[in-house]
Amino acid sequence: MPSRPHWEPSQRRGPSILNHPQCRGHCPLNKNNSSETCNLNKQSTIKTMALCLGQVFSKDKTFRPRKRFEPGTQRFELYKKAQASLKSGLDLRKVVQLPEGENINDWIAVHVVDFFNRINLIYGTVSEFCTERTCPIMSGGLRYEYRWQDGDDYKKPTKLPALKYMNLLMDWIETNINNEDIFPTRVGVPFPKNFQQVCKKILSRLFRVFVHVYIHHFDSICSMGAEAHINTCYKHYYYFISEFSLIEHSELEPLRAMTEKICN
């Protein structure tokens, strides 16, 4: 397995998601948000998230082709069950819980692929604003810089523009989820012993997309009116990784204040 990419202090500064004038109504760090308003909107937001994402984000902006589940397979049925729960308006904390009688690795596999598709869609929407000029370093504000290492072409942690990093990241994830030795799709073929470790690494790296988008491109998200839906997508992701302890708390530090506000 390739060694984990690391972060270190960065000198980049992104737009503030706390004070952006277009985002104050939905900004997850805005202390002026009314808890009453948030509660009133919660059920509606969850029910319509998938539909709204499809409307806000143009299909031709998807960063990578969507990974689909084969109809008739167990994972396709699990995916449908998860999507039905998501659209039903249930508490997201309950939506992510393992259904009774289901295999935990199948449940994790379904969500890893689904989060890859969703986060890929989110980044695809802002990728036109994420250039080598605007984002010469893959970072999350002043404190966090992410360097790429895959053990093959990049044997040492390498500083890259955000767009290049994202391309390599999505290629790497796609290679993993299409690898039958890691994500087996044939009935009766067991998951490898290191399956959850691979998923932890994928989810950890996907978190870095949230970090970069929230800190450096939240103004673009706001201009499209998509901030509430991305917040819900993040909450779904956060509750899932928390439910199954899939990411170390230290990895989540860049968005800790926001997470405490919208997820607790």
Side-chain angles (χ1 to χ4, degrees), residues 7-10 12-46 49 52-53 56-57 86 91-93 95-96 111 115 118-123 125-126 129-130 135 137-146 162 165-166 169 200 203-264:
W7 54 33
E8 61 183 40
S10 165
R12 296 247 319 118
R13 181 185 299 273
S16 169
I17 60 176
L18 175 61
N19 297 315
H20 195 280
Q22 290 180 291
C23 308
R24 287 173 183 153
H26 294 287
C27 177
L29 295 182
N30 192 332
K31 296 182 180 179
N32 295 323
N33 281 349
S34 164
S35 59
E36 181 179 357
T37 301
C38 291
N39 289 333
L40 289 172
N41 291 336
K42 179 179 180 182
Q43 296 299 322
S44 174
T45 301
I46 294 174
M49 183 182 69
C52 290
L53 281 172
V56 171
F57 300 137
L86 184 63
D91 187 325
L92 287 172
R93 291 180 179 87
V95 167
V96 300
H111 281 80
F115 287 131
R118 290 174 182 272
I119 296 170
N120 164 41
L121 187 63
I122 289 169
Y123 182 71
T125 303
V126 301
F129 310 107
C130 187
C135 304
I137 300 172
M138 174 58 181
S139 61
L142 291 171
R143 294 182 58 195
Y144 301 98
E145 176 184 303
Y146 301 106
Y165 184 102
M166 297 295 186
L169 171 60
K200 287 179 180 181
L203 291 167
S204 175
R205 289 180 168 183
L206 282 174
F207 175 75
R208 298 167 187 188
V209 182
F210 277 122
V211 172
H212 186 74
V213 168
Y214 266 120
I215 294 178
H216 294 279
H217 299 292
F218 199 65
D219 53 348
S220 298
I221 294 297
C222 291
S223 68
M224 292 180 280
E227 62 275 14
H229 310 302
I230 290 181
N231 290 346
T232 304
C233 183
Y234 176 75
K235 288 169 67 176
H236 185 198
Y237 166 91
Y238 176 78
Y239 290 141
F240 182 78
I241 62 172
S242 299
E243 176 73 15
F244 300 103
S245 302
L246 295 171
I247 294 185
E248 296 292 332
H249 287 295
S250 59
E251 292 277 349
L252 304 175
E253 185 63 23
L255 296 180
R256 179 178 57 82
M258 183 195 80
T259 302
E260 288 176 353
K261 181 169 180 60
I262 71 173
C263 297
N264 295 324

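One-based numbering along the sequence shown.
- Here the shortest heavy-atom pairing between I215 and G141 reads CG2-N, 3.4 Å.
- The backbone N or O of S139 lies less than 3.5 Å from a partner atom in the side chain of H212, making a donor-acceptor pair.
- Taking NE2 of H217 as the start and OH of Y123 as the end, the distance is 6.0 Å to the nearest 0.5 Å.
- When all heavy atoms of T125 and L121 are compared, the pair lying nearest together is OG1-O, 3.0 Å.
- The minimum heavy-atom distance between D91 and R93, with the atom names listed, is OD1-N, 2.8 Å.
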>> Between H216 and F129, is the side-chain contact (heavy atoms from CB on, under 4.5 Å) condition met? List the steps.
In response: CA-CA 10 Å; H216 294 279; F129 310 107; over 6 Å; no
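- Across all their heavy atoms, F240 and L246 have their closest contact at CE2-CD1, 3.5 Å.
- Note that CZ of F210 and CG of L252 are 11.5 Å apart. Values are rounded to the nearest 0.5 Å.
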> side-chain contact (heavy atoms from CB on, under 4.5 Å) between V213 and I122: does it pass, once the steps are laid out?
Replying inline: CA-CA 8 Å; V213 168; I122 289 169; 4.2 Å; yes
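- A distance-only check finds a donor-acceptor pair linking the side chain of Y237 to the backbone of L203 [under 3.5 Å].
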>> Please determine whether side-chain contact (heavy atoms from CB on, under 4.5 Å) holds for the pair E248 and K200, giving the CA-CA distance in whole Å, both sets of side-chain angles, and the decisive distance to 0.1 Å.
In response: CA-CA 9 Å; E248 296 292 332; K200 287 179 180 181; over 6 Å; no
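- Here the shortest heavy-atom pairing between F207 and P254 reads CE2-CD, 4.2 Å.
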>> Is there a side-chain contact (heavy atoms from CB on, under 4.5 Å) between T232 and L92? Walk through the geometry before answering.
In response: CA-CA 9 Å; T232 304; L92 287 172; 4.1 Å; yes
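- Within the 3.5 Å criterion, the main-chain N or O of C263 finds a donor-acceptor partner in the side chain of Y239.
- Of all heavy-atom pairs between V96 and E243, the closest is CG2-CB, 4.0 Å.
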